[in-house]
Amino acid sequence: MTTETATDLFEAHRPVLLGVAYRMLGRVADAEDVVQEAWLRWSGSDRGDVREPRGYLVRITTRLAIDRLRQIKSRGETYVGPWLPEPYVTDFGDTVPDTAERAVLADSVSLAVLVVLESLSPLERAVFVLREAFGFPYADIAAMLDRGEPAVRQLAGRARKHVEERRPRYEVDPAQRRDLTERFLAAAAEGDLEGLMALLAPDVRLVGDSGGKARAPLRALQTADKVGRFLVGAARKGVPDFAVRFLELNGGPAVLVLSGGKPDSVFQVDVADGRVQAVYIVRNPDKLRSLAVE
């Protein structure tokens, strides 16, 4: 295998590797670091015996991500306020033509699911991501993790049960979600409390992630009244040199709010029964760097 061929193979599989690493870590910068380390190991290894480059590269990436996740957890850092994953641009394009597969990938990278994955052990998280998001056979996952297949099946069952018990149930119709997102944004920007209340589910939940570095609620808000009044109050304070852009983030439509051309916050909503069930706001500037507009 020539160096040029090795580079082309790696680049062909980069989206999958980044997808695995991000779902494992919930952080774009960490995922990119892991993929870069995987490239260094791939480029410096003896590739003569590699028969299945995709599986080989996913194994390297997964093991590196597990190590990184264990390091993060062992540091036991205290995060100020609620934690949300770093927003991740997802544009599957023509690489995922099947609607069902696209829906699975989108769901596995959603903010709601990634928050639940944070409570899994690194091994459970790896097995869940490889099996549920990317459909790897148990035998292949066992080889990647140097575990017996029965142990991997047990890890998968435990992780799946944990996620199913804790994940919220939302609709994933992109058109409806985009429509409600636009109406929600318009009502919030205009400070229209009555309009917001018509869009919010009675038990809607708002989670704001600032990391203590920007203004956001330090606890999740629950009920339409509290969420609506908070959004109206935020709209009245305003954002200097305000502009918005619609993006696909974490598998669904989202709004990037710009202040003076720089990322100020990201809004995303989850929808069910024609109402907004959850509102996610990311304002931690460290988590918005990858969304900077050139």
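Since the structure is predicted, the reported quantities are computational estimates derived from the model, not experimental observations.
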*Rounded to the nearest 0.5 Å, how far apart are OG1 of Thr61 and CG of Leu17?*
4.0 Å
_Atom pair CG/CG of Leu114 and Leu25 - distance to nearest 0.5 Å_ = 10.5 Å
*Hey, mind stepping through Val269 and Leu199 against side chain to side chain contact (heavy atoms under 4.5 Å, CB included) and telling me if it holds?*
CA-CA 11 Å; Val269 302; Leu199 299 174; over 6 Å; no
*Kindly determine whether Asp140 and Leu130 satisfy side chain to side chain contact (heavy atoms under 4.5 Å, CB included), including the steps that lead there.*
CA-CA 9 Å; Asp140 290 359; Leu130 294 173; over 6 Å; no
*Listed partners of Asp264 passing salt bridge (Lys or Arg N to Asp or Glu O under 4.0 Å), at least two apart*: Arg283
*For Gln176, does the CD atom sit with more than 12 other heavy atoms under 6.0 Å from it, leaving out its own atoms?*
yes
*Do the side chains of Val266 and Val257 get nearer than 4.5 Å, heavy atoms only?*
no
*Contacts of Arg54 that satisfy salt bridge (Lys or Arg N to Asp or Glu O under 4.0 Å) - sequence neighbours left out*: none
*Under 4.5 Å between any side-chain heavy atoms of Pro202 and Thr223, yes or no?*
no
*Glu164 and side chain to side chain donor-acceptor pair (under 3.5 Å): which partner among Lys161, Arg160, Arg167?*
Arg167
*Neighbour count above 12 (heavy atom, 6.0 Å) for Arg158 CZ*: yes
*salt_bridge(Glu11, Arg14) N-O dist < 4.0 Å*: yes
*asked:* Applying side chain to side chain contact (heavy atoms under 4.5 Å, CB included), can you list everything that pairs with Pro168, at least two apart in sequence or on another chain?
replied: Ala112, Tyr170
*Residues in salt bridge (Lys or Arg N to Asp or Glu O under 4.0 Å) with Arg166, at least two apart?*
none
*Exercise: identify the closest heavy-atom pair between Leu291 and Pro87*: CD1-CB, 4.0 Å
*With rounding to the nearest 0.5 Å, note down the distance linking CZ in Phe184 to CZ in Arg177.*
12.5 Å
_Just to verify, what does Arg59 make a side chain to side chain contact (heavy atoms under 4.5 Å, CB included) with, not counting sequence neighbours?_
Tyr56, Arg63, Met144
*Check Val276 against Val204 and note the closest heavy-atom contact, atom names and distance.*
O-CG2, 3.4 Å
Which pairs would a plain distance check flag for residues 227-242, meaning a side-chain donor or acceptor within less than 3.5 Å of a matching protein atom at least two apart in sequence or in another chain?
unit_1, atom_1, unit_2, atom_2, d
Arg229, NE, Asp225, OD1, 2.9

*Smallest separation among heavy atoms of Leu69 and Pro122, with atom names*: CD2-CA, 3.8 Å
*If every non-hydrogen atom of Arg275 is compared with every non-hydrogen atom of Ala201, which pair is closest and at what distance?*
CB-N, 3.8 Å
*Just grab all the side-chain hydrogen bond (donor to acceptor under 3.5 Å, both in side chains) pairs involving residues 186-204, residues at least two apart or on different chains.*
none
_Geometric cation-pi criterion Arg131 and Phe136, 6.0 Å radius, 45° cone_ = no
Tell me which donor-acceptor pairs under 3.5 Å the side chains of residues 206-219 have, and how far apart each pair is, sequence neighbours excluded?
unit_1, atom_1, unit_2, atom_2, d
Asp209, OD1, Tyr79, OH, 2.5
Asp209, OD1, Gly211, N, 3.4
Asp209, OD2, Tyr79, OH, 3.3
Asp209, OD2, Leu84, N, 2.7
Asp209, OD2, Lys287, NZ, 2.6
Ser210, OG, Gly212, N, 3.1
Ser210, OG, Ala214, O, 3.3
Lys213, NZ, Asp286, OD2, 2.3

_I'd like to check the side chain to side chain contact (heavy atoms under 4.5 Å, CB included) partners of Ala188; sequence neighbours left out, ordered by chain and number._
Leu196
*Can Glu86 and Arg289 be counted as an ion pair, charged N to O under 4.0 angstrom?*
no
*asked:* Could you walk me through whether Leu288 and Val282 satisfy the side chain to side chain contact (heavy atoms under 4.5 Å, CB included) test, starting with their C-alpha distance in whole Å, then the side-chain angles of each, then the deciding distance to 0.1 Å, before giving a yes or no?
replied: CA-CA 8 Å; Leu288 302 175; Val282 180; 4.1 Å; yes
*Which value, rounded to the nearest 0.5 Å, describes the distance between Glu182 atom CD and Leu185 atom CG?*
8.5 Å
*Treating Ile, Leu, Val, Met, Phe, Trp and Tyr as nodes and any side-chain heavy-atom pair under 4.5 angstrom as an edge, say whether Val80 and Ile281 lie in one connected cluster.*
no
_I'd like to check Phe128 versus Arg23 (side-chain heavy atoms, cut-off strictly below 4.5 Å). Are they in contact?_
no
_Using the side chain to side chain contact (heavy atoms under 4.5 Å, CB included) criterion, which residues pair with Gln36? Sequence neighbours excluded._
Trp39, Leu40
*asked:* Tell me if a side-chain donor or acceptor on Arg125 pairs with a main-chain N or O of Leu120 at a distance below 3.5 Å.
replied: no
_Considering all heavy atoms, the nearest Arg27-Asp30 contact_ = CD-OD2, 3.0 Å
*Which atom names give the shortest non-hydrogen contact between Ser108 and Val113, and what distance separates them?*
O-CG1, 4.1 Å
*Taking only residues two or more places apart in sequence, or in another chain, which ones meet Arg70 in a salt bridge (Lys or Arg N to Asp or Glu O under 4.0 Å)?*
none
*asked:* Checking Asn250 against Gln268 for the side chain to side chain contact (heavy atoms under 4.5 Å, CB included) test, could you report, in this order, the C-alpha distance in whole Å, the side-chain angles of both residues, the deciding distance, and whether it holds?
replied: CA-CA 9 Å; Asn250 295 84; Gln268 191 169 55; 4.2 Å; yes
*Is the shortest heavy-atom distance from the side chain of Phe267 to the side chain of Thr181 under 4.5 Å?*
no
_Cationic N near anionic O, under 4.0 Å, Arg153 to Glu149_ = yes
_For Tyr88, all residues meeting ring-ring contact (aromatic ring centres under 6.0 Å, His included), sequence neighbours excluded_ = Tyr22
